[in-house]
Amino acid sequence: MMTEEEKYISRCIQLARNGEGHVAPNPMVGAVIVYKGRIIGEGYHARYGEAHAEVNAIRSIKDKSLLKDSTIYVSLEPCAHYGKTPPCAKLIIEKQIPRVVIGCQDPFSKVAGRGIQMLREAGVEVKVGVMEQACKDLIKKFILFNTKKRPYITLKWAESADGYLDINRTDGKPVILSTALTTMLVHKKRAEADGIIVGTRTALLDNPSLTVRNWYGKNPTRIVIDKDLSLPSSLHLFQDNIPTLCFTQKEASGNNDVEYIQLDFQSDILPQMMTILYKKDIQSILIEGGSILLESFIKDNLWDEAYVEKSAVCLQDGVKAPYIDRKSICENERHFGVTICHYCQ
Ligand SMILES: [Zn+2]
């Protein structure tokens with residue numbers, strides 16, 4: 001059984017998730033305001049640069065006089081610094097909210113306990129650590145990004161029952177191993193990521209647009225590796241006015257949407273890429289293929305999660321699927337005959 005406080009914090013987590021894909025490099029945060037055992041206001045951080053969860057929750061209340069007798073629940077410690085918006089801890093004090101319940105402390109940035117301190121010094125009663133682990137899981141990408149100084153990496157591929165990604169081909173269409181449902185799930189993953197990476201061969205042979213079409217949400221930054229600039233500009237991933245990064249060893253000038261970034265291909269390019277993406281505030285990336293790229297991320301142990309879709313189709317020959325240690329499997333989902341194996345580090 002959940003306690004009252006846990007119920008309100010889990011509602012905060014639920015609200016926070018509405019900001020997924022839109023708030024990075026900020027974390028997702030949700031807040032609810034409770035007056036006499038009833039939720040009277042709710043809010044979440046909806047978009048980077050816009051109002052924080054606490055501000056939106058307070059704004060949602062018509063009769064502000066109730067705040068003096070209310071408790072605000074928030075999944076993450078209220079901020080104490082002047083960033084793009086004034087500090088939320090200060091707002092809570094100004095609105096005379098007497099009690100704050102916090103899911104977890106902000107482990108990073110200019111906050112680190114200062115929000116809690118600011119509130120307590122002003123006489124606000126503060127409780128910290130309700131559903132702490134769930135609140136940390138909510139912001140796991142934010143935590144990893146700030147700890148490891150690289151994006152949170154999700155690998156994704158579909159393989160045949162006998163372990164192939166595709167048939168051997170030099171042109172023409174790939175074998176479709178995904179179903180309508182799993183395609184939709186991939187588009188959801190794209191909407192939740194800040195960036196999406198494909199290798200040269202995948203960009204050329206599959207000609208993907210890498211946009212979000214079968215789910216609601218924004219398009220991630222498209223990232224492609226093209227060592228020798230062999231990819232034609234007519235490919236889908238260079239169209240549609242979506243920010244696109246191209247990692248290459250050559251010098252090239254881009255345009256409004258496509259940026260060329262030079263790497264040293266004499267040494268491992270993945271750490272170089274991760275450093276650049278970190279500097280660009282790309283907090284999470286989805287690796288969609290092909291096999292060479294996926295395998296190099298696995299070899300460098302540069303991944304945090306993997307989703308492998310297991311089709312019932314047998315191909316008998318073709319491009320081998322990447323190998324991933326089955327020990328790290330944490331979950332199997334079944335969707336109408338398709339199994340999605342979820343691996344975690
Ligand atoms: Zn804030």
Side-chain angles (χ1 to χ4, degrees), residues 5 8-35 39-62 64 66-68 70-132 134-147 152 194 218 281 283-284:
E5 285 180 340
Y8 295 132
I9 290 290
S10 57
R11 177 62 183 155
C12 292
I13 294 171
Q14 199 177 35
L15 288 163
R17 290 208 182 276
N18 290 316
E20 188 146 34
H22 299 284
V23 300
N26 284 346
M28 293 181 274
V29 187
V32 301
I33 297 169
V34 177
Y35 172 79
I39 293 179
I40 58 166
E42 292 188 331
Y44 60 91
H45 185 33
R47 199 170 289 276
Y48 178 71
E50 293 180 9
H52 288 182
E54 301 91 321
V55 176
N56 286 329
I58 290 168
R59 263 186 206 156
S60 74
I61 294 172
K62 232 186 210 163
K64 301 273 195 281
L66 300 179
L67 289 171
K68 291 186 189 64
S70 299
T71 298
I72 183 163
Y73 291 80
V74 55
S75 56
L76 184 70
E77 174 184 4
C79 62
H81 67 279
Y82 286 85
K84 285 189 177 285
T85 52
C88 293
K90 192 164 167 275
L91 178 73
I92 292 167
I93 296 163
E94 275 169 13
K95 297 290 174 192
Q96 298 177 312
I97 302 174
R99 192 163 177 267
V100 183
V101 177
I102 296 165
C104 66
Q105 195 179 311
D106 189 331
F108 302 104
S109 75
K110 301 142 195 152
V111 190
R114 281 204 31 230
I116 294 165
Q117 193 191 347
M118 193 189 247
L119 290 164
R120 283 188 176 145
E121 278 170 4
V124 179
E125 185 194 333
V126 184
K127 181 169 179 179
V128 190
V130 176
M131 298 193 76
E132 192 171 16
C135 290
K136 282 184 180 163
D137 284 348
L138 170 73
I139 56 166
K140 64 182 178 185
K141 293 179 180 175
F142 169 81
I143 292 175
L144 181 127
F145 179 77
N146 285 289
T147 314
Y152 187 95
D194 296 333
K218 58 114 200 42
D281 271 341
Q283 199 179 91
S284 58

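As the structure lists them, so they are numbered: ligands from 1, and atoms in each ligand from 1.
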Residues at least two apart in sequence or cross-chain that pass side chain to side chain donor-acceptor pair (under 3.5 Å) with Lys127, listed by chain then number, are Glu5
Determine how many protein N/O/S atoms sit closer than 2.8 Å to the Zn ion (ligand 1), leaving waters out since they are not shown.
3
Which of parallel (below 30°), tilted (30 to 60°) and perpendicular (above 60°) describes Tyr73 and Tyr8?
tilted
Side chain to side chain contact (heavy atoms under 4.5 Å, CB included) with Ala46: which residues, sequence neighbours excluded?
Tyr44
Side-chain donor-acceptor pair under 3.5 Å between Gln117 and Arg114, yes or no?
no
For Pro25, which residues count as a side chain to side chain contact (heavy atoms under 4.5 Å, CB included) partner, sequence neighbours excluded?
Tyr48, Asp281, Gln283
Can you confirm whether Ile97 sits close enough to Val124 that some side-chain heavy atom of one is under 4.5 Å from a side-chain heavy atom of the other?
no
